[in-house]
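Data block below; observations after.
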Amino acid sequence: TDADCTFYPGWLHTIASFYQQYKPSFIAAPVAFTNENSFLKIFQSLDFLSLQGITGASVYKKFHSMCNGANLAYEKKAFEKADGFSGIDHIASGDDMLLMHKIYKEDPSRVLYLKSGEAVVCTQPAETTAEFFQQRIRWASKAGMYEDKRIFFVLLLVYLFNFSLFVLLVYSFFNVDYFYWFTGIMLFKTFVELVFLYPVAGFFNKKKLLWFFLPSQPFHILYTVIAGFLGQITTYEWKGRKVK
């Protein structure tokens, strides 16, 4: 986990019980933001809820390997069998998912997701818009580093979809027909994502945040396009350091 996280009293007990019952080599577990006392923080929490839902579903269905370094566990012998961080230790960020994939390649059946309210780890959202963008640019910069190319193609598809919506919005200023297309696709996108997000928000006890989901949609498209682009061409600030 990370030094700035908080935990429920049963956190370690839940992980230990899960390990004793299923004997996984790698456990991915849930993470949530706290202190959503501004629109920026609510926006981050909603975005993070989506990522957590995708993480749980993708690990459970063996679709691809996703996790968050704030809440994971792995066997020492599995770590050693996968040769640890060798081959990925030159990458500034993303060691959690990169290591997960190395262990996943050894035996996908033993990489599991721990779905339990007692196992949730809480962390803080970014305080400022600049800090938020630096974090998301850092996340986006890892896209080409994943050996699990299934993740890369999913990220590319998400980016292209959001970029197309951005283009439609721009063209809407010149032709009203494009605005109708933009509105229709946006409403469909919002509906599909809400259907997916509703049970995820229920699991994390954050259903009240869903009232902000529709107003946050334009900002989500904008940040996805900007952060995804900048993540491939520029440096970012992390822990007081500039990283390429």
Quiz item: Shortest non-hydrogen contact from Lys206 to Phe33?
Solution: NZ-O, 2.9 Å
Quiz item: Looking at Ile103 and Ser25, what are the two nearest heavy atoms and their distance?
Solution: CG2-OG, 3.5 Å
Quiz item: Same hydrophobic cluster for Ile88 and Val111, using side-chain heavy-atom links shorter than 4.5 Å among ILVMFWY?
Solution: yes
Practice problem: Specify whether Phe43 and Phe219 have parallel, tilted or perpendicular ring planes, treating 30° as the upper limit for parallel and 60° as the lower limit for perpendicular. | Solution: perpendicular
Quiz item: Going from CG on Leu209 to CG on Leu197, what distance comes out if it is rounded to the nearest 0.5 angstrom?
Solution: 9.0 Å
Quiz item: To the nearest 0.5 Å, what is the distance between CG (Leu72) and OH (Tyr113)?
Solution: 11.5 Å
Self-check item: Verify same cluster id: Leu114, Phe26 (apolar side-chain graph, 4.5 Å)
Solution: no
Self-check item: Donor-acceptor contact below 3.5 Å, side chain Thr183 vs main chain Tyr180
Solution: no
Quiz item: Checking side-chain contact (heavy atoms from CB on, under 4.5 Å) for the pair Thr129/Leu40: CA distance, chi angles, key distance, verdict?
Solution: CA-CA 7 Å; Thr129 303; Leu40 175 62; 4.1 Å; yes
Self-check item: Carboxylate-amine/guanidinium proximity below 4.0 Å for Lys41 and Glu127
Solution: yes
Practice problem: Measure the shortest side-chain to side-chain distance between Met97 and Ile151 over non-hydrogen atoms and say whether it is less than 4.5 angstrom. | Solution: yes
Quiz item: Could you walk me through whether Phe132 and Gln44 pass the side-chain contact (heavy atoms from CB on, under 4.5 Å) check?
Solution: CA-CA 8 Å; Phe132 165 71; Gln44 292 178 75; 3.6 Å; yes
Quiz item: With a cut-off of 6.0 Å (strictly less than), are more than 12 heavy atoms of other residues, nucleotides or ligands near NZ of Lys81?
Solution: no
Exercise. Using atom types as modelled and distance alone, determine if a side-chain donor or acceptor of Lys115 lies under 3.5 Å from a backbone N or O of Tyr60.
Key: no
Quiz item: Name the one of Val120, Val121, Thr14 that satisfies side chain to side chain contact (heavy atoms under 4.5 Å, CB included) with Tyr8?
Solution: Val120
Practice problem: Work out which heavy atom in Ser172 is nearest to a heavy atom in Phe182; give both atom names and the distance. | Solution: OG-CB, 4.2 Å
Practice problem: State whether the side chain of Thr1 and the backbone N or O of Ala70 hold a donor-acceptor pair below 3.5 Å, judged by distance alone. | Solution: yes
Exercise. Answer yes or no: are there more than 12 heavy-atom neighbours, outside Lys208 itself, under 6.0 Å from its atom NZ?
Key: no
Practice problem: Step by step, work out the side-chain contact (heavy atoms from CB on, under 4.5 Å) result for Glu118 and Trp11. | Solution: CA-CA 6 Å; Glu118 282 293 306; Trp11 174 56; over 6 Å; no
Quiz item: Is Leu98 reachable from Val154 through a run of hydrophobic residues whose side-chain heavy atoms are each under 4.5 Å from the next?
Solution: no
Quiz item: Rounded to the nearest 0.5 Å, how far does CE of Met100 lie from CD1 of Ile27?
Solution: 10.5 Å
Quiz item: Are Ile15 and Val59 linked, directly or through other ILVMFWY residues, by side chains that come within less than 4.5 angstrom of each other?
Solution: no
Quiz item: Is it true that atom CZ of Phe48 has more than 12 heavy atoms of other residues, nucleotides or ligands lying nearer than 6.0 Å?
Solution: yes
Quiz item: Linking I/L/V/M/F/W/Y whenever any side-chain heavy atoms sit under 4.5 Å apart, do Val167 and Phe179 land together?
Solution: no
Quiz item: What are the two closest heavy atoms between Gly53 and Phe196, and how far apart are they?
Solution: C-CZ, 3.4 Å
Quiz item: Could you give all pairs that pass the ring pair (Phe, Tyr, Trp, His ring centres under 6.0 Å) test and reach residues 154-177, with sequence neighbours left out?
Solution: Tyr171-Tyr178
Quiz item: Ser65 and His101: which non-hydrogen atoms are nearest, and at how many Å?
Solution: OG-ND1, 3.4 Å
Quiz item: Between the main-chain N or O of Gly84 and the side-chain N or O of Lys102, is there a donor-acceptor pair closer than 3.5 Å?
Solution: yes
Quiz item: Does the salt bridge (charged side-chain N to carboxylate O under 4.0 Å, His left out) test come out yes or no for Glu193 and Lys189, once each step is laid out?
Solution: CA-CA 6 Å; Glu193 290 179 352; Lys189 172 182 181 292; 3.2 Å; yes
Self-check item: Check against side-chain contact (heavy atoms from CB on, under 4.5 Å), Ile185 and Leu168
Solution: CA-CA 10 Å; Ile185 296 172; Leu168 279 175; 3.8 Å; yes
Practice problem: Describe, in one word, how the ring planes of Phe18 and Tyr22 are oriented to each other, choosing from parallel (under 30°), tilted (30 to 60°) and perpendicular (over 60°). | Solution: tilted
Exercise. Mind checking the CD-SG spacing from Gln52 to Cys67? Nearest 0.5 Å is all I need.
Key: 10.0 Å
Quiz item: Just how far is it from atom CG of Asn35 to atom OG of Ser45, taken to the nearest 0.5 Å?
Solution: 10.5 Å
Exercise. Supply the atom-to-atom distance Leu169 CG to Met186 CE, rounded to the nearest 0.5 angstrom.
Key: 8.5 Å
Quiz item: Does the Asn71 side chain pair with the main chain of Ala28, one donor and one acceptor, at a distance under 3.5 Å?
Solution: no
Quiz item: Within 45 degrees of the axis of the six-membered ring of Tyr19 and under 6.0 Å from its centre: does Lys23 put its NZ or CZ there?
Solution: yes
Quiz item: What closest approach, in Å, do Leu112 and Lys62 show between heavy atoms, and which atom pair accounts for it?
Solution: CD2-NZ, 3.9 Å
Practice problem: For the pair Asp107 (side chain) and Ser109 (backbone), establish whether a donor and an acceptor sit closer than 3.5 Å, ignoring hydrogens and angles. | Solution: yes
Exercise. For the pair Gln217 (side chain) and Thr190 (backbone), establish whether a donor and an acceptor sit closer than 3.5 Å, ignoring hydrogens and angles.
Key: no
